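In what follows, chains are A, B, ... by sequence order, proteins preceding strands, each numbered from 1. A quick note: this is a predicted structure, and the numbers were derived from the prediction, not measured.
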Number of protein chains: 2
Amino acid sequence: MKSRMTIGKLAEAAEVGVETIRFYQRSGLLQEPDRPLSGYREYTAEDARSVRFIKRAQTLGFSLNDIAGLLKLDGPQTCSITHDLALAKLHLVEDKIADLESIHDALRQMIRQCELKQKRGTCPIIESLVQG
Amino acid sequence: MKSRMTIGKLAEAAEVGVETIRFYQRSGLLQEPDRPLSGYREYTAEDARSVRFIKRAQTLGFSLNDIAGLLKLDGPQTCSITHDLALAKLHLVEDKIADLESIHDALRQMIRQCELKQKRGTCPIIESLVQG
DNA sequence: GTACTCTCCGTACATAGGTACGGAGTCAAG
DNA sequence: CTTGACTCCGTACCTATGTACGGAGAGTAC
């Protein structure tokens, strides 16, 4: 019961555009599927799983390049490789959160100043950006 | 005591590349400065302040487009405009932090599973990405 | 068999924010 | 005066991740 499908169906199943599938294919993220009659690509449920894998890994901050690496993994070392990669991503995410939090604080402070000082003259936000 | 400088000095003072200054100029972020003798641009300390303004606003998440808007502001409404823009950025930053935190949790959980289950077989990270 | 949809392909375009190139002119030091 | 560093300009290129286009062929519904 291999449900085979055309590129449009796969795209729909994985909630991406047809062009995205073709793009992943060009980029080597997806195997070129069989092309039986007519030259139309014929995908399997496995391909749909691959595309979902890609999209899910993307939401976790993995680039397509990272993902290409993950997809090639196989064998006993897989786990330690993915573990390290995930850990590296974790650190990136933590750094990014810290950055955003300091941005957040700076913005909130600027906004507060702006709200307090409802006086004439220069805007405190502009001021603080100029002098920062 | 207007310390005038060439593009190279300005770039150095603002810690950006020469090409970046030219790029900002092309993009309308920076006024075209005087070009006295020889056609060499002659910048002032004011220009250096502008470039620092741009870089600082960038670190707070403003795009060059936003910044172009900020730089054109002048007059009594300035403060309310910048206030609203900063508030909008604040919300974007908050959303982004929330996203990253859920990514963070997902990654940490995957990593933990990977560390616990030091058994043979498929890697739990790969597994969870496939099925996620 | 006609109409409509889908797929094929290669290529160009999009975003944001720069970076790089190459040949020519200019400036400052010695 | 020569040498080396700096600047000029327009244009092309870069990363990452897709999107869009357009003409031709294939599949499908009625």
Distance, rounded to the nearest Å, where A:Y40 contributes OH and D:dT28 contributes C1'
10 Å
With nearest nucleotide decided by heavy atoms, which residue, A:S38 or B:I54, maps closer to the 5′ end of DNA chain C?
A:S38
Reading DNA chain C in the 5' to 3' direction, which nucleotide is the first one with an atom under 4.0 Å from a heavy atom of chain A, and which is the last?
C:dC6 to C:dG10
Heavy atoms of B:S50 and B:L30 approach each other most closely as CB-CD1, 3.7 Å
Side-chain heavy atoms of B:L85 within contact of A:I125, under 4.5 Å:
no
Considering every strand and a 4.0 Å limit on heavy-atom distances, what is the contact class for A:R41: base, sugar-phosphate, or nothing?
sugar-phosphate
Starting at atom CD1 of A:I21, determine the distance to atom P of D:dA20, rounded to an integer number of angstrom.
15 Å
Sugar-phosphate, base or nothing in reach of B:S63, heavy atoms under 4.0 Å
sugar-phosphate
Taking only side-chain N and O atoms of B:T6, does any of them lie within less than 4.0 angstrom of OP1 or OP2 on D:dT7?
yes
For the CZ atom of B:R41 and the CG atom of B:D47, what is their distance to the nearest 0.5 Å?
11.0 Å
Quick check on D:dT17: is either OP1 or OP2 less than 4.0 Å from any side-chain nitrogen or oxygen of A:Y24?
no
Would A:R49 and A:E46 pass as an ion pair if we require N to O under 4.0 Å?
yes
Using only atom types and a distance under 3.5 Å, with no angle test, would you say the side chain of B:S27 pairs donor to acceptor with the backbone of B:L29?
no
Can you tell me the distance, in whole Å, between the CD atom of A:Q58 and the P atom of D:dT17?
6 Å
Rounded to whole angstroms, how far apart are CZ on B:R22 and P on D:dT7?
11 Å
On DNA chain C, nearest-nucleotide positions of B:G39 versus B:K55: which is more 5'?
B:K55
Decide, yes or no, whether a salt bridge links A:E115 with A:R112 under the criterion of side-chain N to carboxylate O below 4.0 Å.
no
Candidate pair B:S63 and B:D66, rule side chain to side chain donor-acceptor pair (under 3.5 Å), full reasoning:
CA-CA 5 Å; B:S63 70; B:D66 293 332; 3.3 Å; yes
Over how many whole Å does the gap from B:R26 atom CZ to D:dC8 atom P extend?
12 Å
Base, sugar-phosphate or nothing for B:S27? Non-hydrogen atoms, less than 4.0 Å.
nothing
Measure the distance from CD on B:E42 to P on D:dC8 and round it to the nearest whole Å.
11 Å
What is the distance, to the nearest angstrom, from the CD atom on B:E19 to the P atom on D:dA12?
15 Å
